[in-house]
Amino acid sequence: MTRTAIVTGAARGIGAATALRLAQDGYAVAAVDLSAESCAETVAAIEAAGGRALAVGADVADSAAVSAAVDRVAEELGAPTILVNNAGILRDNLLFKMTDDDWDAVMAVHLRGAFLMTRAVQKHQVEAGWGRIVNLSSTSALGNRGQANYAAAKAGMQGFTKTLAIELGRYGVTANAIAPGFIVTDMTRATAERIGVTFEDFVGHMAKEAAVGRAGVPEDIAAAASYFCSEEAGFVSGQVLYVAGGPKA
Ligand code: NAP
């Protein structure tokens, strides 16, 4: 039986790499992002590798759009029993300069988005008596200057994950979180721009800080997601795996 996975924020970065990896693992994959067009490259890469994929446009913070997206995935690819809540944004600012909108936008995408997606998908998981949920947290959950909103959201993802594990475990559903350290993506490229350093310098600095002496790449996170989604990870639930190139965030 082919299982169906949904990966949000799959147009680029960690989401795109995770969508590709889950397709390589043999799942049909729905790539969800703000527009279906933005997922064209991800879907083309999956299909070129012999996989099955569907591009779906939806704002994960929009309840009606999420319901419609999950219904469409169920109809066109099969009942989704794997969910990777990866969509994310940054609105960094020091607290005294952080606006209401900076706060609300980050909470809406990360926390409300993960909540809405998970609520819509769990019904398929419970029906199937099997499921895997992977939520993207961050080392920023431990605190990071200029990220009061993002750190709160990413710490929130951990509490959300543990509660899902407790509520859904009896239906064969596991829920785990991945907390990446510095990963080379458009998101971290934007951070370099914001703080006024070249991306090369930024990556070089982060590589030196990491115990393994390199910066992370999206495939590092995709590999961890692949494990959590696997059959053999069925006794691993409610965990937070820091994938950060070392013991320290
Ligand atoms: P990215 O390159 O910015 O990709 C994020 C994707 O999410 C984009 O395609 C974005 O679409 C999409 N997205 C944003 N808002 C959305 C919404 N409301 N509905 C649907 N899709 C939406 O980011 P990334 O670096 O791959 O990060 C992926 C996840 O890992 C995020 O949750 C992030 O917080 C987390 N993370 C990243 C790092 C890192 O170092 N990169 C570290 C720790 C945690 P648009 O392009 O249209 O905005």
Side-chain angles (χ1 to χ4, degrees), residues 4-25 27-78 80 82-92 101-102 104-118 120-121 133-138 150 153-154 157 178 180 183-194 199 216-222 225-226 229:
T4 297
I6 295 179
V7 181
T8 68
R12 54 204 175 96
I14 293 168
T18 301
L20 212 66
R21 174 62 195 254
L22 294 184
Q24 283 163 2
D25 290 344
Y27 312 116
V29 177
V32 173
D33 211 293
L34 284 166
S35 75
E37 297 73 51
S38 67
C39 292
E41 221 173 281
T42 305
V43 166
I46 290 172
E47 288 175 347
R52 200 162 152 236
L54 175 71
V56 181
D59 177 348
V60 295
D62 177 334
S63 192
V66 164
S67 294
V70 172
D71 286 353
R72 192 172 154 219
V73 173
E75 263 167 42
E76 294 189 31
L77 281 185
I82 297 173
L83 172 64
V84 181
N85 284 309
N86 165 83
I89 58 167
L90 293 180
R91 292 288 184 274
D92 293 357
D101 283 350
D102 291 336
D104 292 344
V106 166
M107 294 302 152
V109 179
H110 296 271
L111 284 179
R112 182 179 160 86
F115 158 64
L116 293 176
M117 285 298 307
T118 307
V121 167
I133 298 164
V134 178
N135 293 322
L136 268 290
S137 178
S138 166
Y150 185 77
K154 290 309 200 184
M157 291 296 267
I178 301 173
I183 310 294
V184 175
T185 68
D186 291 345
M187 183 179 270
T188 44
R189 187 179 290 278
T191 301
E193 252 171 53
R194 186 180 62 81
F199 194 45
V217 292
E219 290 71 23
D220 290 319
I221 307 307
S226 167
C229 293

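Since this is a predicted model, take the numbers as computed values, not measurements.
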J.: Could you pull out the closest heavy-atom pair between Val66 and Leu116, with the gap in Å?
T.: CG1-O, 3.5 Å
J.: Is there a side-chain contact between Arg52 and Val29 (heavy atoms, below 4.5 Å)?
T.: no
J.: Output yes when a side-chain donor or acceptor of Asp59 lies under 3.5 Å from a complementary backbone atom of Leu34, and no otherwise.
T.: no
J.: What pairs with Asn86 under side-chain hydrogen bond (donor to acceptor under 3.5 Å, both in side chains), at least two apart in sequence or on another chain?
T.: none
J.: Give, for atom OG1 of Thr188 and atom CD of Glu193, the distance between the pair rounded to the nearest 0.5 Å.
T.: 11.0 Å
J.: Does any non-hydrogen side-chain atom of Leu54 lie less than 4.5 Å from one of Arg72?
T.: yes
J.: Mind checking the CG-CZ spacing from Asp104 to Arg91? Nearest 0.5 Å is all I need.
T.: 11.5 Å
J.: How far does CD1 of Ile6 sit from CG of Leu22, to the nearest 0.5 angstrom?
T.: 12.0 Å
J.: Would you compute the distance between atom OG1 of Thr191 and atom CG of Asp186 and round it to the nearest 0.5 angstrom?
T.: 11.0 Å
J.: Using modelled atom types and a 3.5 Å cut-off, is there a donor and acceptor pairing between side-chain atoms of Asp33 and backbone atoms of Ser38?
T.: no
J.: Any chance you could measure Tyr150, atom OH, to Asp102, atom CG, to the nearest 0.5 Å?
T.: 14.5 Å
J.: So which atom in Ala31 and which in Cys39 form the shortest heavy-atom distance, rounded to 0.1 Å?
T.: O-SG, 3.5 Å
J.: State, to 0.1 Å, how close Ala19 and Thr42 come at their nearest heavy-atom pair, and which atoms those are.
T.: CB-CG2, 3.8 Å
J.: Would you say Thr8's side chain and Ala87's backbone share a donor-acceptor pair under 3.5 angstrom?
T.: yes
J.: For residues Cys229 and Asp25, determine if any side-chain heavy atom of one lies less than 4.5 Å from a side-chain heavy atom of the other.
T.: no
J.: Taking the side chain as every heavy atom from C-beta outward, state whether Leu136 and Lys154 have any atom pair closer than 4.5 Å.
T.: yes
J.: Work out which heavy atom in Ala153 is nearest to a heavy atom in His110; give both atom names and the distance.
T.: CB-CB, 3.9 Å
J.: Is the shortest heavy-atom distance from the side chain of Val106 to the side chain of Leu90 under 4.5 Å?
T.: no
J.: Got more than 12 heavy atoms from elsewhere within 6.0 Å of CD, Gln24?
T.: yes
J.: Write down the atom of Ala30, the atom of Leu77, and the distance for their closest heavy-atom approach.
T.: N-CD1, 3.7 Å
J.: Report the residues that fulfil side-chain hydrogen bond (donor to acceptor under 3.5 Å, both in side chains) with Asp101, sequence neighbours left out, ordered by chain and then residue number.
T.: none
J.: What are the two closest non-hydrogen atoms of Ile46 and Ala23, and how far apart are they?
T.: CG2-CB, 3.5 Å
J.: Do Pro218 and Ile183 touch side chain to side chain, with heavy atoms closer than 4.5 Å?
T.: yes
J.: Tell me, do Arg12 and Thr185 make a side-chain contact under 4.5 Å, heavy atoms counted?
T.: no
J.: Can you find a pair of side-chain heavy atoms, one from Asn85 and one from Ile133, that are under 4.5 Å apart?
T.: yes
J.: Please report the interatomic distance CG(Asn135) to CE(Met117), rounded to the nearest 0.5 Å.
T.: 11.0 Å
